[in-house]
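Contents: one structure, followed by commentary.
Every chain is numbered from 1 and lettered A, B, ... according to where its sequence line falls, protein lines coming before strand lines. Keep in mind the model is a prediction, meaning the values are calculated, not measured.
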Amino acid sequence: MTLTLVGLSHHVAPVTLRERVTLDLETAGRLARSLGDAVCLSTCNRTELYLDGVDEAEAVAALERVAGEALDGVLYRLHEDAAALHLFRVAAGLDSLVPGEAEILGQVRAACEAADPGPRLGHVFRQAVVVGKRVRTQTSIGESPASVSSAAAALAAQVFGDLKGRHVLLIGAGRIGELAAANLASRGATIAYIANRTVDTARELAQRFGGQAIALSEVPARLADVDVVLSSTSAPEPILSAADVPSRHRAPLFFIDIAVPRDLDPAIGKIDGCFLYDIDDLEAVVAETLELRRAEATHAEQLVADEAERFRSWRASLDVVPAIASLRARAEEIRTSELAKVDRRMSDDALRTLESVTSQILNKLLHLPTIRMKEAAVTADGAEYADAVRYLFGLEEETP
Amino acid sequence: MVEAFFWPALLGYGEAAFAYATVRTSRAATWGVRLGWLAQTALLAAQVVGTDGFPWSSWAGTLNLFVWFLVGTYLIWGCRPRFRLLGLAVMPLAVTLFVVARIGGGTNSRVSHYGDLFLVLHVGMLTAAFAGFTLAAGLAALYLWQEHRLKGRAPDILRMRLPPLASLEFLAWRTILVSLPLLTLGLAIGVIRQRRDGGTFDQRELLTLFAWILYGGFLAARPTGRRAACLALGGFALVVIARVALAGSHFT
């Protein structure tokens with residue numbers, strides 16, 4: 001196996017270049033198949049070609065055709081163990097912009113499925129998916145939110161648990177508020193009301209979320225019907241004061257204020273049953289969780305290194321496996337042909353006994369050489385041992 | 001035989017008390033709770049087999065039984081990775097009480113002071129109910145702490161995660177819902193026996209009755225939020241006073 005990686009990522013290429021080489025899954029799969037035994041992993045942060053036995057120059061030329069320009073200076077090239085280690089780090093989210101982000105694992109799996117590579121490259125990608133899963137289950141690298149909007153949703157979940165069935169009032173129909181609302185909706189919350197100075201703008205967003213558009217003046221009256229209030233307008237004055245908030249004896253009310261200047265009166269946070277987080281609070285929470293991710297990354301790197309070591313052993317064993325298979329096939333061929341010479345002169349019972357005894361002799365005889373060759377494969381001597389076996393036993397096998 | 005089960009149980013509980021400290025080892029902690037509880041169950045069974053009657057009639061024996069109920073209730077309600085910090089509160093307490101029970105001779109007692117089925121049921125049910133109230137108090141304390149952190153906008157709120165407020169509130173309520181019938185039955189049996197033997201109503205019974213009224217009111221009114229947590233802790237304080245401050249058997 002000759003594993004090669006050619007690609008570019010957010011580490012070396014600016015977004016203006018990355019966006020030109022970003023391919024959808026289908027196009028990436030087609031590109032990979034056109035090269036031969038290859039997989040093309042293309043996300044917003046990277047486009048990488050993993051190749052087994054494919055000419056590297058051909059892959060570079062393919063990427064340059066997609067980019068529409070020469071990519072000298074931004075492309076990185078890795079080979080064999082280094083390429084596998086890189087893929088494992090990518091799948092584990094350790095090479096991502098935000099360490100431990102989970103989306104990349106699905107993208108690695110999808111890229112492999114779209115390209116339908118040969119068995120050896122497929123094995124490397126399956127191993128990458130396994131290590132990605134191990135990192136997520138055995139470390140807490142991906143448990144904490146990495147953005148303000150996901151932190152807001154995670155904090156709401158700290159109050160309510162499951163957000164399914166919880167109602168959200170979104171104040172302001174801007175892009176940032178929409179993102180935060182989408183994050184809450186992805187956790188099962190219902191975006192019940194969208195309030196905006198211009199109700200028509202709110203109506204467009206309400207249609208997307210299946211909620212109801214209301215005017216800003218209606219907000220205080222709706223507070224009794226919702227569990228989460230998310231505000232992100234560009235209003236110069238506070239939109240909601242503590243006096244507007246109804247008494248919450250039986251159910252908490254969670255306020256998220258991501259507007260600057262703030263939309264919500266800070267005194268709201270002092271009301272019994274009400275919790276208020278502004279943009280500074282959310283950024284402080286994200287800073288803490290990113291710190292946690294970085295700390296967990298050390299443990300994750302160890303898991304990835306272990307998997308890379310397993311890959312090295314597996315790849316080394318590929319040198320001797322064909323020789324072992326040929327040796328066993330040759331021995332079996334001799335055994336079968338010798339048995340054929342005597343089978344007419346023996347009873348069925350005796351023949352069965354002879355079959356069993358000769359099989360056992362072969363297995364016992366070949367067991368130790370097989371083990372020794374696999375052990376040698378991990379060291380640099382593997383290929384020499386395989387050649388020696390081929391020479392001594394006169395074996396001819398097809399190179400896979 | 002009894003001795004052979006004490007150490008594995010203590011080892012399991014002890015391991016859990018430490019292993020709950022980190023996320024990575026919390027799964028091992030859960031196994032420590034499970035295996036420790038099984039070992040303690042075997043210990044209690046061995047005590048039953050070796051004793052003619054109720055083997056936990058001494059204060060130390062009752063403590064041994066209390067630990068078993070406490071850990072058992074925790075296993076049912078709260079033994080989940082997300083409730084790691086609840087384990088960190090419950091298991092050190094369980095270990096301490098278990099060791100105290102051992103020092104007091106409650107884990108190897110083979111002498112029964114109760115020859116009366118009424119007393120056995122009375123003590124057994126009250127101990128189970130108190131274990132439930134202890135866990136409910138733990139959940140309520142966690143609720144107040146979590147609420148304080150959320151109100152105070154602690155930056156590490158997602159780094160050191162407690163269970164959601166709604167879960168803590170619901171679990172405390174459910175634990176009290178299960179424990180109160182046990183307290184009711186235990187009290188009723190005690191009163192019946194007292195009438196039969198002509199005993200008098202003492203301070204411990206009075207406090208336990210107050211606790212019953214408080215928990216009954218809690219279930220009837222089903223308060224929420226901080227008020228519910230404070231009530232659960234108030235009820236537990238009455239239970240502790242009844243059990244500890246007014247220590248000593250009121251049975252004859």
Side-chain angles (χ1 to χ4, degrees), chain A residues 137-141 143-146 150-166 227 247-257 266 268-293 295-296 299-300 303, chain B residues 19-31 77-78 80-86 139 142-174 218-231:
Chain A
T137 52
Q138 292 179 22
T139 73
S140 46
I141 193 166
E143 281 179 12
S144 310
S150 58
L155 285 166
Q158 280 290 287
V159 175
F160 301 107
D162 191 0
L163 293 184
K164 205 167 279 177
R166 300 289 174 180
D227 305 290
S247 166
R248 306 286 295 193
H249 284 312
R250 300 206 68 84
L253 187 52
F254 191 75
F255 291 90
I256 304 160
D257 186 356
I268 289 174
K270 294 191 172 69
I271 300 171
D272 189 23
C274 292
F275 304 92
L276 169 64
Y277 278 75
D278 63 28
I279 188 75
D280 279 358
D281 301 326
L282 293 171
E283 278 173 357
V285 167
V286 170
E288 274 282 328
T289 57
L290 283 179
E291 190 60 38
L292 176 69
R293 279 176 182 247
E296 284 296 301
H299 180 49
L303 292 175
Chain B
Y20 271 127
T22 66
V23 175
R24 214 165 292 155
T25 51
S26 58
R27 191 178 287 183
T30 302
W31 276 106
W77 289 160
R80 304 172 204 171
R82 290 192 71 187
F83 287 21
R84 180 177 66 84
L85 292 178
L86 178 62
L139 290 162
L142 278 183
Y143 179 98
L144 290 177
W145 187 34
Q146 169 77 331
E147 198 215 26
H148 174 74
R149 292 170 74 219
L150 276 164
K151 276 269 184 197
R153 295 171 279 184
D156 67 345
I157 187 114
L158 295 178
R159 191 169 177 162
M160 194 171 68
R161 282 193 207 204
L162 288 174
L165 289 181
S167 303
L168 289 169
E169 189 178 291
F170 175 69
L171 278 178
W173 178 81
R174 197 167 66 170
F218 178 94
L219 288 182
R222 193 162 184 184
T224 56
R226 200 180 303 168
R227 197 170 305 160
C230 291
L231 272 174

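In this pair, A:F254 and A:F275 present their aromatic rings tilted. The plane angle is within the 30 to 60° band.
Among the candidates B:P223, B:A154, B:P155, the residue making the largest number of heavy-atom pairs closer than 4.5 Å to chain A is B:P155.
Legend: residues meeting side chain to side chain contact (heavy atoms under 4.5 Å, CB included) with B:Q146, ordered by chain and number and at least two apart, are A:Q158, B:R149, B:L150, B:I157, B:L162, B:L165, B:L168.
Neither the backbone nor the side chain of B:R27 comes within contact range of chain A, judged by heavy atoms closer than 4.5 Å. Looking at A:Q138, the atoms closer than 4.5 Å to chain B (heavy atoms on both sides) all sit in the backbone: N, CA, C or O.
Panel note: side chain A:K270, backbone B:K151; no donor-acceptor pair is recorded below 3.5 Å. Within the 3.5 Å criterion, the main-chain N or O of A:P145 finds no donor-acceptor partner in the side chain of A:S150.
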